[in-house]
Amino acid sequence: PNIRIWAYGTGKYYAVNSLVNITQSVDKIARETSIDEDLALMFAEFKGREICIPPPPCVKGSDKPMDLLFVVDASTSLGSSNFREQITFLKRLLTHATINREAVKVALITYKGDPKLEFNFNKYLPGNISAALDRLGAQTGGITEIRKALVLAYEMLMNENGTSGARGFSIPKVVIVLTDGYTRNG
């Protein structure tokens, strides 16, 4: 399948090697110090197509269609302030994407031990996602088990039971993992 994985290194000290294992490239790791440049690179290939649907007649400046899945660390090692930093990053990142059923659809998984699907690709439209992210609060606790979260992410993108809202394989799938990189089980 057409799946791309990016990561955001959370906090001052994050485990770069763990993030490289996830993304397969140091170039696919965003950092707070270079966030605007990193975001521009992440979305460069998806820019440029205007989506027209009724209503409204056109969504100006739309992105090309993409299923965008966030996998967000909510474990104890992260801490509540870094969790909020991740939420701020997500909100900032989403300003670079046009959320629309015909353009970018968004889903969110948090993990602290067992992963939790916060919302699937069909749940929120523009404007509602920011409020949903704010409702997450500072819900840290538990251990960092990114492996389980990535398994759930894969299952959602494959959409085998038809309930995740992910579109067919002709639509690019992008996974962005937000973590400090300190994982318990790989």
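Only this structure's heavy atoms are used, side chains among them; waters, hydrogens and symmetry mates stay out. In this chain, residues are counted from 1 in sequence order.
Without hydrogens or angle criteria, Arg167 side chain to Pro172 main chain gives no donor-acceptor distance under 3.5 Å. Asp67 contributes no side-chain N or O that, together with a main-chain N or O of Ala166, makes up a donor-acceptor pair within less than 3.5 Å. Judged by distance alone, with hydrogens and angles left aside, the side-chain atoms of Lys28 form no donor-acceptor pair with the main-chain N or O of Val20 at under 3.5 Å. Put simply, the side chain of Lys91 never gets that close to the backbone of Leu133: no donor and acceptor are under 3.5 Å apart.
To the nearest 0.5 angstrom, Lys112 atom NZ is 7.5 Å from Phe83 atom CZ. Summarising the geometry, atom CG belonging to Leu117 is positioned 10.0 Å from atom NZ belonging to Lys123; distances are rounded to the nearest 0.5 Å. In this structure, the separation between CG on Leu68 and CD1 on Ile176 is 5.0 Å, given to the nearest 0.5 Å. Taking CD1 of Ile5 as the start and OG of Ser25 as the end, the distance is 12.0 Å to the nearest 0.5 Å. Here OG1 of Thr88 is found 10.0 Å from CD of Gln86. Values are rounded to the nearest 0.5 Å. The line from CZ of Arg135 to OG of Ser130 is 9.5 Å long, rounded to the nearest 0.5 Å.
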- Item | Derivation and outcome, side-chain contact (heavy atoms from CB on, under 4.5 Å), residues Met156 and Ile109 | CA-CA 10 Å; Met156 285 190 63; Ile109 296 170; 3.8 Å; yes
TODO: Please assess Leu150 against Tyr111 for the test side-chain contact (heavy atoms from CB on, under 4.5 Å), listing each intermediate value before the final yes or no.
DONE: CA-CA 10 Å; Leu150 292 174; Tyr111 64 95; over 6 Å; no
- Chi angles and distances behind the side-chain contact (heavy atoms from CB on, under 4.5 Å) call for Asp180, Asn82: CA-CA 9 Å; Asp180 61 7; Asn82 284 333; over 6 Å; no
Query - Test side-chain contact (heavy atoms from CB on, under 4.5 Å) applied to Asp73 and Ile146, step by step - result: CA-CA 8 Å; Asp73 189 343; Ile146 195 166; over 6 Å; no
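A single hydrophobic cluster is not seen to contain both Ile171 and Val174; linkage of ILVMFWY side chains at heavy-atom distances under 4.5 Å, directly or through other members, places them apart. Transitive grouping of hydrophobic side chains (ILVMFWY, heavy atoms separated by less than 4.5 Å) keeps Phe70 and Val151 in distinct clusters. Note on Leu152: it clusters hydrophobically with Met158, by side-chain heavy-atom contacts below 4.5 Å among ILVMFWY residues.
Proximity of Phe121 to Asn159: side-chain heavy atoms (C-beta onward) are nowhere separated by under 4.5 Å. Looking at heavy atoms from C-beta onward, Val175 lies out of side-chain contact with Tyr154 at the 4.5 angstrom threshold.
A side chain to side chain contact (heavy atoms under 4.5 Å, CB included) with Leu90 is found for one member of Leu136, Leu108, Ile129 and no other, namely Leu108.
Of all non-hydrogen atoms in Ala74 and Thr110, the two that sit nearest each other are CB-CB, 4.4 Å. Considering every non-hydrogen atom in both Ala149 and Pro115, the closest pair reads CA-CB, 3.7 Å.
Residues Ser164 and Asn120 bring no donor and acceptor atom of their side chains to less than 3.5 Å of each other.
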